[in-house]
Amino acid sequence: MLFNSLSFAFFLPLVFILYWFVCRKNLRYQNILLVVASYLFYACWDWRFLFLLVFSTVLDYFSGVKMAEAKNQQVKNFWFWFSISVNLGFLGFFKYYNFFITEFAEAIANIGFQVNPWTLEVILPVGISFYTFHGLSYVIDIYKDKIKVERNFIDYSLFVSFFPLLVAGPIERATHLLPQIKKQRTFDFTYAADGLRQILWGLFKKIVIADKCAEYANEIFNNSGDYSGSTLFLGAVYFAFQIYGDFSGYSDIAIGTAKLFGIDLLRNFSFPYFSRDIAEFWRRWHISLSSWFRDYLYIPLGGSQGGMWMKIRNTFVIFIVSGFWHGANWTFIVWGLLNAIYIMPSIIFSTNRSNLDIVAQGKYLPTVKEFLQVTLTFCLTVLAWIFFRANDFTHALRYVSDLFSWSLFAMPTKMPSNNNTFVMLAFFLIIEWLGREQPFALAKLGLKWKRPIRWAFYYIIIAIIFYCVDSKEQQFIYFQF
């Protein structure tokens with residue numbers, strides 16, 4: 001069930017009505033309803049993998065209880081490592097089995113031995129990377145005595161499986177979400193209206209920006225050998241807007257949907273393409289994943305406390321693991337490695353915390369220096385996205401090689417058939433720029449306008465969405481991760 005589907009348009013109001021009108025006076029019934037709705041939502045993808053979600057939930061719930069009841073450290077260690085091993089084992093099997101077995105066979109073949117690798121037609125369960133990380137953070141926090149064990153199975157199940165974040169995040173923390181699940185919730189019209197605005201902007205990002213840019217990005221990447229360097233650059237730019245519109249659009253819809261039920265989810269994007277350096281970009285892109293790796297990998301490895309060598313080593317580890325988290329392909333690992341190289345100057349010269357506020361804060365326009373910094377950071381990001389999007393490493397190298405040719409300075413040969421895409425991108429960037437100091441672009445924009453003007457603005461966005469919507473529902477990119 002896609003957020004941009006007709007089925008979700010029926011599903012969400014039904015759950016909303018049952019939640020606030022039937023179960024509103026009973027927190028337990030509200031949570032049970034959300035768990036049932038979440039499992040139904042997940043089963044619409046492939047009911048066969050529902051058992052995996054339930055198993056992961058039971059495993060981490062039971063492991064948490066056993067760690068809390070452990071009489072000694074040895075028993076606590078056993079349940080901790082049992083949960084970690086099983087979770088990572090399932091994730092590794094479904095996501096990386098074929099990659100490792102194929103790479104092993106090729107390595108053996110290079111030294112003169114021929115083997116026939118036994119690959120499997122493994123279907124990647126949607127959302128497994130996300131709900132596995134939910135459970136891992138919970139187990140790790142209990143092990144380190146940062147949180148108390150949750151003994152209510154319904155509440156814990158809702159923490160893991162809450163349907164807005166279930167298949168593509170944000171990656172939540174027990175310290176943030178569980179207290180909200182256990183607290184009585186009352187309907188807040190202002191909060192719900194804010195959620196609807198965020199859903200609206202998320203749908204605009206997905207349907208108008210991501211899906212339209214995808215048409216040209218796919219055409220150029222799939223036939224990259226036929227195009228000039230300038231066209232290849234344009235294709236990479238299209239993909240940059242596609243993946244941002246797609247993933248941040250999903251996050252906006254998820255966060256906005258949660259607000260309808262009185263629940264606040266972690267922010268996942270903060271206008272990353274307005275960043276002035278790569279360090280700032282990574283504080284603004286996929287925030288819940290970046291902070292997860294920071295807290296559960298970077299800091300345990302020593303963080304930045306052990307001198308320059310340790311900071312460099314830990315930074316490379318984080319980015320390479322982040323790349324590998326995205327998929328079983330060398331292109332993702334190279335993408336992570338390239339971002340690690342990008343960020344190295346700011347690590348070495350300790351400038352990685354220079355740009356903590358948003359660009360041109362309190363001003364309408366950036367300075368020339370800020371504009372050049374944002375442009376350079378965006379171009380570096382676009383170059384890295386080529387490796388993320390390419391079919392394989394060879395394709396990525398060929399794409400980059402063809403891009404950096406004399407034809408880079410020629411007119412692009414693959415342009416939109418009309419100017420609507422460019423107009424929509426310009427409109428999108430203007431709205432994002434005007435709303436860049438808020439949690440999302442439409443959070444405050446227009447609230448002080450006269451009501452007819454404000455509603456006309458919203459209806460224009462809705463009309464654009466309906467105009468651009470495709471009869472065939474387009475899946476979100478991060479569902480494959």
Side-chain angles (χ1 to χ4, degrees), residues 56-57 59-68 70 73 76-92 94-96 127-150 156 159-162 165-166 168-179 251 265-270 279 282-306 310-327 332-333 336-337 339-340 343 347 352-353 478 481:
S56 177
T57 302
L59 169 70
D60 294 332
Y61 170 81
F62 189 72
S63 297
V65 171
K66 286 298 181 181
M67 282 192 289
Q73 190 63 37
K76 188 175 183 180
N77 289 345
F78 169 80
W79 286 106
F80 172 73
W81 287 111
F82 177 72
S83 176
I84 296 294
S85 300
V86 173
N87 274 301
L88 293 181
F90 274 113
L91 181 62
F94 283 102
K95 198 166 184 177
Y96 303 109
I128 188 172
S129 298
F130 292 91
Y131 68 70
T132 297
F133 271 36
H134 288 157
L136 287 176
S137 66
Y138 171 77
V139 169
I140 294 171
D141 284 348
I142 289 180
Y143 181 75
K144 293 185 175 182
D145 298 319
K146 291 184 177 181
I147 60 173
K148 293 183 179 180
V149 66
E150 177 53 59
Y156 178 74
F159 159 69
V160 174
S161 64
F162 186 38
L165 56 76
L166 178 56
I171 300 172
E172 269 293 343
R173 307 292 183 87
T175 51
H176 180 253
L177 185 53
L178 269 175
S251 295
L265 299 183
L266 291 171
R267 189 178 186 181
N268 218 16
F269 288 87
S270 182
W282 279 105
R283 284 193 297 273
R284 297 180 178 279
W285 180 275
H286 203 172
I287 300 168
S288 64
L289 179 67
S290 300
S291 60
W292 198 100
F293 279 126
R294 179 197 65 204
D295 294 343
Y296 298 110
L297 188 57
Y298 182 77
I299 292 176
L301 285 173
S304 57
Q305 303 302 313
M310 183 172 287
K311 284 199 291 186
I312 293 173
R313 182 202 68 180
N314 294 345
T315 300
F316 271 99
V317 169
I318 287 297
F319 277 100
I320 291 172
V321 172
S322 177
F324 199 47
W325 177 90
H326 283 84
F332 295 121
I333 297 174
L337 182 64
N339 276 282
I343 208 172
I347 296 294
N352 56 309
R353 306 285 295 176
Y478 264 67
F481 306 136

Note to self: With a 4.5 Å cut-off on side-chain heavy atoms, are F90 and T132 touching?
What the structure shows: no
Margin query: Rounded to the nearest 0.5 Å, what separates atom CD1 in I287 from atom OG in S270?
Written below: 5.0 Å
Check: Under 6.0 Å between the ring centres of Y156 and Y138?
Finding: yes
Checklist line | 4.5 Å side-chain heavy-atom contact, L289 and F130 | finding: no
Margin query: To the nearest 0.5 Å, what is the distance between NZ on K146 and OG on S137?
Written below: 10.5 Å
Next item on the list: Can you see which heavy atom on L91 is nearest to which on S129, and at what distance?
Entry: CD1-OG, 3.7 Å
Notebook entry, point to check: Side-chain contact, heavy-atom cut-off 4.5 Å: L265 with F162?
Noted result: yes
Next item on the list: Decide whether a cation-pi geometry holds between K95 and W325; the criteria are a distance under 6.0 Å from NZ or CZ to the six-membered ring centre and an angle within 45° of the ring axis.
Entry: yes
Notebook entry, point to check: Does any non-hydrogen side-chain atom of K76 lie less than 4.5 Å from one of D145?
Noted result: yes
Checklist line | Residue pair L136 / W292, side-chain heavy-atom distance below 4.5 Å | finding: yes
Check: Are H286 and N268 close enough, and set up right, to give a side-chain contact (heavy atoms from CB on, under 4.5 Å), and what steps lead you there?
Finding: CA-CA 5 Å; H286 203 172; N268 218 16; 3.5 Å; yes
Next item on the list: Verify whether one side chain among S83 and D60 offers a donor that lies under 3.5 Å from an acceptor in the other.
Entry: yes
Notebook entry, point to check: Does any N or O in the side chain of R313 come within less than 3.5 Å of the main-chain N or O of L301, such that one atom is a donor and the other an acceptor?
Noted result: yes
Item checked: Main-chain N/O of S56 paired to Y131 side chain as donor or acceptor, under 3.5 Å -> no
Checklist line | Any donor-acceptor N/O pair, S288 side chain to I171 backbone, under 3.5 Å | finding: yes
Next item on the list: Specify whether F80 and Y143 have parallel, tilted or perpendicular ring planes, treating 30° as the upper limit for parallel and 60° as the lower limit for perpendicular.
Entry: parallel
Checklist line | Non-hydrogen side-chain atoms of I140 and D295 separated by less than 4.5 Å | finding: no
Notebook entry, point to check: Which distance, rounded to the nearest 0.5 Å, do you find between the CD1 of I299 and the CG of N314?
Noted result: 10.5 Å
Check: Between T57 and F159, is any pair of side-chain heavy atoms under 4.5 Å apart?
Finding: no
Check: Do the two ring centres, one from W282 and one from F319, sit under 6.0 Å apart?
Finding: yes
Next item on the list: Measure across F332 and G323 and return the closest heavy-atom pair with its distance rounded to 0.1 Å.
Entry: CB-O, 3.0 Å
Next item on the list: May I ask you to test the M67-V139 pair for a side-chain heavy-atom distance under 4.5 Å?
Entry: yes
Check: Roughly how far, to the nearest 0.5 Å, is OG of S322 from OH of Y298?
Finding: 14.5 Å
Margin query: With rounding to the nearest 0.5 angstrom, report the CH2 to OG distance, W79 to S63.
Written below: 6.0 Å
Check: Got a donor-acceptor contact below 3.5 angstrom from the R173 side chain to the T175 backbone?
Finding: no
Check: Rounded to the nearest 0.5 Å, how far apart are CG of L266 and CG of L165?
Finding: 9.0 Å
Next item on the list: Please determine, by modelled atom types, if Y296 and D141 share a side-chain donor-acceptor pair under 3.5 angstrom.
Entry: yes
